[in-house]
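Here's the structure we're looking at; comments come further down.
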Amino acid sequence: MAVNGSLVGRRALITGGASGIGRACAVRLAEAGADVVVVDRDAEAAKAAATEVGGTALAVDLSDLEAVDGLDLAVDILVNNAGLQHVAPLHEFPVDRFSYILRLMLEAPFRLARGALPHMYERGWGRVVNISSIHGLRASAYKSAYVTAKHGLEGLSKVIALEGAPHGVTSNCVNPAYVRTPLVEGQIADQARAHGLSEDQVVEQVMLAPAAVKRLIEPAEVADAVAWLCSPSAASVTGTSLVMDGGWSAH
């Protein structure tokens with residue numbers, strides 16, 4: 001992982017940085033010395049997270065692509081984390097929701113990287129870390145937009161890796177299974193109501209069924225992986241996916 005001080009002088013922008021994995025990444029990268037910019041649509045939560053790490057808060061709806069294009073992207077580290085989930089059969093999936101999810105979770109990361117790379121190239125150093133998912137590598141029924149967006153993010157990350165390598169820029173994905181975040185906690189509650197199960201039963205019988213390690217992942221574990229990808233030890237790691245799925249994909 002990135003040791004304290006190894007990211008001094010680096011500016012890191014984290015999307016969805018006000019809670020869950022994003023907030024854990026803000027804390028971890030700040031501990032390593034980075035100047036952190038917390039981007040989130042929840043202005044108050046972004047401000048609270050930024051205050052915690054001595055960083056800067058930006059309230060932005062990343063589905064507004066004009067707003068994305070207007071951001072100051074002179075950053076050395078870009079963590080594409082913002083996302084959401086919608087569960088529905090494909091033949092009933094709302095078309096506007098599908099478009100919204102792809103705009104937020106795939107086109108916004110493209111535009112953020114497009115805007116940040118010139119600064120990284122000029123500096124001769126950069127790190128793009130895309131918070132993907134086991135669903136970037138495996139599919140689940142009823143999650144067509146999320147699975148499509150994450151698979152697309154995997155491809156985008158690889159292209160950035162190939163183009164960025166001559167300029168000292170690496171690009172990688174981190175692929176966790178279910179992480180204990182507000183997004184997942186909402187899914188647990190929804191599935192409990194839908195299936196007449198307790199929340200513990202949803203976690204054990206549904207979410208953790210494909211995994212060998214039977215527990216939810218903590219946000220700090222993902223943040224440690226992100227920090228390691230930004231560290232000197234990972235300078236040759238690019239164009240790959242760091243899988244944290246408890247053995248899900250070993251089947």
Side-chain angles (χ1 to χ4, degrees), residues 1-2 12-17 20-22 24-25 28-29 77-85 101-102 104-114 116-117 120 125-140 143-181 183-184 207-208 210-213 215-251:
M1 68 180 65
L13 186 147
I14 303 168
T15 68
I21 293 171
C25 288
R28 188 65 193 82
L29 294 182
I77 298 167
L78 171 62
V79 180
N80 285 311
N81 167 70
L84 75 157
Q85 181 64 274
I101 289 174
L102 262 66
L104 174 67
M105 294 173 57
L106 185 53
E107 186 161 1
F110 157 72
R111 294 199 185 205
L112 290 165
R114 181 178 182 273
L117 285 173
M120 295 180 183
W125 191 95
R127 298 290 180 264
V128 179
V129 184
N130 300 296
I131 306 301
S132 182
S133 165
I134 184 57
H135 284 116
L137 306 173
R138 297 288 189 273
S140 288
K143 298 180 179 180
S144 56
Y146 189 88
V147 170
T148 299
K150 293 301 189 185
H151 273 67
L153 188 64
E154 295 280 330
L156 175 64
S157 183
K158 290 179 172 67
V159 173
I160 296 169
L162 295 177
E163 294 187 13
H167 306 280
V169 175
T170 67
S171 175
N172 294 284
C173 288
V174 178
N175 300 65
Y178 290 105
V179 182
R180 195 186 307 277
T181 64
L183 181 100
V184 168
M207 291 184 165
L208 298 181
V213 178
R215 67 173 182 83
L216 294 177
I217 299 163
E218 299 300 329
E221 296 175 70
V222 183
D224 277 344
V226 172
W228 179 75
L229 288 170
C230 295
S231 75
S233 299
S236 293
V237 179
T238 196
T240 194
S241 301
L242 181 54
V243 181
M244 306 175 66
D245 67 352
W248 182 331
S249 56
H251 290 285

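Source: prediction; values computed, not measured. Excluded from the calculations below are hydrogen atoms, water molecules and symmetry mates; all remaining heavy atoms, backbone and side chain alike, are included.
A heavy-atom distance below 4.5 Å is not found between the side chains of L13 and I77. A heavy-atom distance below 4.5 Å is found between the side chains of V226 and I131. Side-chain atoms of P176 and I134, non-hydrogen and from C-beta on, never get closer than 4.5 Å to each other. Side-chain contact between N80 and V129: absent, with no pair of heavy atoms (C-beta onward) separated by less than 4.5 Å.
Taking a cutoff of 4.0 Å between a charged side-chain nitrogen and a carboxylate oxygen, R111 and E107 qualify as a salt bridge. Ionic pairing of R215 and E221 is present here: one or more N-O contacts between side-chain nitrogen and carboxylate oxygen are shorter than 4.0 angstrom.
Nearest approach of N81 to T15, heavy atoms of both residues: N-OG1, 2.8 Å. Between T170 and A235, the closest heavy-atom pair is CG2-O, 3.7 Å. For the residue pair R127 and G168, the shortest heavy atom distance occurs at NH1-O, 3.3 Å. The minimum heavy-atom distance linking W228 with A234 is given by the pair O-CB, 3.2 Å. L153 and P109 make their closest contact through CD1-CB, 3.9 Å (heavy atoms, listed as atom of the first residue, atom of the second, distance). In this structure, P219 and G20 approach most closely via the heavy-atom pair CB-O, 3.8 Å.
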Legend entry - Worked verdict on S241 versus K158 for side chain to side chain contact (heavy atoms under 4.5 Å, CB included): CA-CA 9 Å; S241 301; K158 290 179 172 67; 4.2 Å; yes
Inset, instruction - Run the numbers on Q85 and V184 for side chain to side chain contact (heavy atoms under 4.5 Å, CB included), then give the verdict. - result: CA-CA 9 Å; Q85 181 64 274; V184 168; over 6 Å; no
Inset, instruction - Just do the side chain to side chain contact (heavy atoms under 4.5 Å, CB included) check on L106 and T148 with the steps written out, would you? - result: CA-CA 9 Å; L106 185 53; T148 299; over 6 Å; no
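Counting only N and O atoms by type, the side chains of N130 and S157 include a donor and acceptor under 3.5 Å apart.
A distance-only check finds a donor-acceptor pair linking the side chain of N175 to the backbone of S133 [under 3.5 Å]. At distances below 3.5 Å, at least one donor-acceptor pair connects side-chain atoms of H251 with backbone N or O atoms of P210. Remark: the backbone N or O of A139 is not paired with any side-chain donor or acceptor of K150 at under 3.5 angstrom. Here the side chain of N172 pairs a donor or acceptor atom with the backbone of G239 at under 3.5 angstrom. At least one donor-acceptor pair closer than 3.5 Å links the side chain of H151 to the backbone N or O of H135.
With sequence neighbours excluded, the residues that form a side chain to side chain donor-acceptor pair (under 3.5 Å) with R180 are E218. Residues passing the side-chain contact (heavy atoms from CB on, under 4.5 Å) test with A225 are V174, L242, M244, sequence neighbours excluded.
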